[in-house]
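Some notes on the structure that comes next.
Chain letters run A, B, ... following the sequence lines, proteins first and then strands; every chain starts at 1. Just so we're clear, the structure is a prediction, and the values are computed from it rather than from any experiment.
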Amino acid sequence: MFEIVHKRQLSEAVFEMGVRAPRVARKARAGQFFIMRTTDRGERVPFTFSDWSAEGGWIRFIFMRVGKTTHELSHFEVGDSVADVVGPLGIPTHVEDVGRIAVIGGGVGAAVAYPVARAMADAGNEVTVVLGARNEDLLILREEFEALPLKELLVVTDDGSAGEKGLVTAPLKRLAEAGEIDHAMAIGPAIMMKFCAATAKEHDVPCVVSLNPIMVDGTGMCGACRVSVGGETKFGCVDGPDFDGWEVDFEELMSRQRVYVDDERAADADYSRGCSCHQ
Amino acid sequence: MSPVEPDAGAAGPAEKPRHRPSRAPRTPMPERGAAERAQDFDEVALGYTEEMARAEAARCLQCRNATCIEGCPVNIDIKSFIGHIIDGEYEKGVAVLKERNALPAMCGRVCPQEEQCEIACVLAKKGEPVAIGRLERWLGDFDLACELEKRCVPEIAEPTGFRCAIVGSGPAGLACAGELVRLGHKVTIFESLHAPGGVLTYGIPEFRLPKAIVEAEIFMLTEMGVEIVTDAVIGATYTLDELMTEEGYDAVFIGSGAGLPVFLGVPGENLNGVYSANEFLTRVNLMGAYEFPKSDTPVARGRKVAVIGGGNVAMDSARTALRLGAEEVFLVYRRTEDEMPARREEVHHAREEGVEFKMLCSPSEILGRDGFVTGLVATRMALGEPDDSGRRAPVCVMDSEFEIDCDIVIVAVGTRANPLLAQAAPDLERSSRGYVLTDDEGATNIPGVFAGGDIVTGAATVILAMGAGKTSAHAMDRWLAGRSRAV
Ligand SMILES: Cc1cc2nc3c(=O)[nH]c(=O)nc-3n(C[C@H](O)[C@H](O)[C@H](O)COP(=O)(O)OP(=O)(O)OC[C@H]3O[C@@H](n4cnc5c(N)ncnc54)[C@H](O)[C@@H]3O)c2cc1C
Ligand SMILES: Cc1cc2nc3c(=O)[nH]c(=O)nc-3n(C[C@H](O)[C@H](O)[C@H](O)COP(=O)(O)OP(=O)(O)OC[C@H]3O[C@@H](n4cnc5c(N)ncnc54)[C@H](O)[C@@H]3O)c2cc1C
Ligand code: FES
């Protein structure tokens, strides 16, 4: 069992959680993820590390309540325990001094973008962060990003309730057009990554994306996480989660993410009936 | 312990009556009817009763030169354990089994006895061999039905002070662990999944190998002192090197299996509804998807399911799909039934339950609409000259493509070595296909690191993996003994 040692609600549906997992914390690197099961009947769900401490023996992640498991998890409190935590999984984000880089975090993807931006800055890069959300309430980690040694933090919301009104691709395009970035890294919903990669490609800027296909084991054993990259099938869990955004078949990814939508809705509805938070 | 059993025809020791082999036909295995069992996940074969076991054991000739023992990959003293059933001394029979095999209830269920011990039975030459596997299962179940204190726990040697790490808790790792604790070493198994057992847990379905049996036999190993750490991926959570250095293990055994699924490489393979058998079976067996939404993991339930392949894995997938409510399940195999590597019994069961066999055809494309599978294009095959495996190789028949209507495709055409562990251990010598290279006793090129089971041989059988685990355990024991002398 793995004890929850930290919990903070960041917005209506977004939570930050810390879990005691010394074995995993020892090894965690930016861009990697772990797999959790809340209970013995639980699904194996992947989350990316948002922070960790090898000395403290804990890992942190930020999750959005989207279905049954994340809903259930949102009711876990400090002192409770989850059944399983396994990791670190996936190949760490390639961090080196590449010069000027834009890190784009959309929605809950900001949680993944945070350690990446920090690592990129630590490696000596000039980092511009584009932080996007649908509205101000859903915008997360703004203060944390502000505390990093960034060149600039650009905030964008769909409705203009915070920062610039529009999509994250707008500032990305400006940066690319002005020749102010050599590299981009986009982390967020598949559709956002798709357009970021396309925008970057138009300006010949390499763009790495962090993919989130449905997973089961997370160790290369099942192939649930298949993604097409440059016409080749890759396993998201062991070959990724980072891939060359120019080459990813995002349509396929989005289609595969929807495979269980009906089942998932039914499971969450079933769970919500017995749960007080939605009434 | 070496019980002396009278040979057929020879005079036995004075205190025991002479064994007169029965000439009755082989005792059939009681099974649930095909229609009933295809509706649920409960076990198909019910197991012998005590009377049936006695009746079947009585058929054994108790040959002076028991050839069946040679047929067993771990050389269980078959003649002796059957002798104990004849005599009604079941505990002694269990002890004989456990001397060689820590997991008899499981092996009794899944070993291909028909090509191992039973084919070597003298009775097989003229008719039907003794049902050795069913008797093994019966004794294994007999032991598990006993109260914990009464169960057979093999003797354990004095502690040696050495610590051994085992990677993977499939049959190879479990057998190696069982043997090492008996030899007095401290043993920790590291398993990447949340539950131990390897293929026994995530692959072979409940209706063929109940998970309660797997859990009970693994529990007996923990009773003997084996420690099992789940959620630990070697190559990620710890590297091989860290096990030997920071974690302080004196020797390591790698039994990580051949868990990497192979796909067909045909167009449409990433459509929703295409599963590797590994994913499909893992969702159902390990994650309990057949109880969704009581368990949280879903699995697509098809109306028409096409399973590609002809081995045990394909049979298990097809029969699982039926139990999830599919109206039709097709098995698509590129050779004929004679070449199918699956156990005869499983082929028979699958057919009885209504799996339809489409032989001599090979999928060339998977069709879909809106991202979901709608069908399969297959090409007819004919058998040509024998290939490397000695089986006649399938060759395409020109212009013979046809469509099969289906909404789920399960690919069961084999597995390879998962590179995860080895990538973090570049010094470990592997074959070009990624399997770990060892000598006959499982020693790898790294001193103190041994390997066995599917990670060395490629996908094989439970008992071969167990045999390799045991062999390595003894080699490790000798290696450790050498080290203590050196110190
Ligand atoms: C490598 C990786 C890293 C991730 N990191 C984060 C993170 O840091 N924060 C976060 O909030 N989310 C993250 N996710 C997504 C997260 O795993 C899903 O939101 C979660 O599994 C949803 O479970 P649920 O039962 O609440 O929702 P469900 O109702 O089951 O599913 C909602 C949607 O989530 C996705 N999903 C469902 N099950 C899985 C699964 N087993 N694996 C992957 N996706 C699934 C599907 O697209 C589905 O439609 C990550 C996913 C991956 C693959
Ligand atoms: C569906 C199916 C049906 C089968 N039916 C039969 C049958 O009827 N009879 C028969 O004899 N054989 C059968 N087999 C074959 C048999 O199950 C295998 O040959 C056998 O399980 C191999 O044992 P193993 O211990 O080498 O590997 P596995 O059983 O594969 O176990 C390996 C274990 O190692 C773990 N692991 C892998 N990598 C790591 C890592 N890096 N760190 C930690 N742990 C790791 C895995 O999670 C797994 O638990 C079947 C196989 C399948 C898939
Ligand atoms: S999640 Fe199973 S192989 Fe990637």
Which answer fits V411(B), side chain, backbone, both or neither, if we ask what part of it has an atom under 4.5 Å from a heavy atom of chain A? neither
Would you tell me whether N270(B) and S228(A) have side-chain atoms, one donor and one acceptor, within less than 3.5 Å of each other? yes
With chain B, which of T233(A), D270(A), T69(A) has the greatest number of heavy-atom pairs at distances under 4.5 Å? T233(A)
Give a yes or no on whether a salt bridge exists between E269(B) and R226(A), defined as a side-chain N under 4.0 angstrom from a carboxylate O. no
Nearest-0.5 Å distance, NZ of residue K27(A) to OH of residue Y238(B): 9.0 Å
Candidate list D296(B), T297(B), L193(B), test side-chain contact (heavy atoms from CB on, under 4.5 Å), partner R44(A), passing option: L193(B)
Under 4.5 Å from a heavy atom of chain A, the part of L281(B) involved: neither
Does any heavy atom of chain B fall under 4.5 Å from the side chain of F34(A), the backbone, both, or neither of them? neither
With chain B as the partner, which of K68(A), E251(A), M254(A), E264(A) has the greatest number of non-hydrogen pairs under 4.5 Å? K68(A)
With only heavy atoms counted, which part of E291(B) is less than 4.5 Å from chain A, the side chain, the backbone, both or neither? side chain
Chain A contact via S256(B) - side chain, backbone, both or neither, heavy atoms under 4.5 Å: neither
The interface call for I214(A) against chain B, heavy-atom contacts under 4.5 Å, is side chain
Heavy-atom pair count under 4.5 Å with chain B, highest-scoring of G220(A), A266(A), C222(A): C222(A)
So, the part of I35(A) with a heavy atom under 4.5 Å from chain B: the answer is neither
Sort out for me which of V24(A), V238(A), D84(A) touches chain B most, counting heavy-atom pairs under 4.5 Å. D84(A)
Structural part of V262(B) lying under 4.5 Å from a heavy atom of chain A: neither
Of E43(A), M221(A), R258(A), E72(A), the largest count of non-hydrogen pairs under 4.5 angstrom with chain B goes to M221(A)
So which part of V85(A) gets closer than 4.5 Å to some heavy atom of chain B, the side chain, the backbone, both or neither? backbone
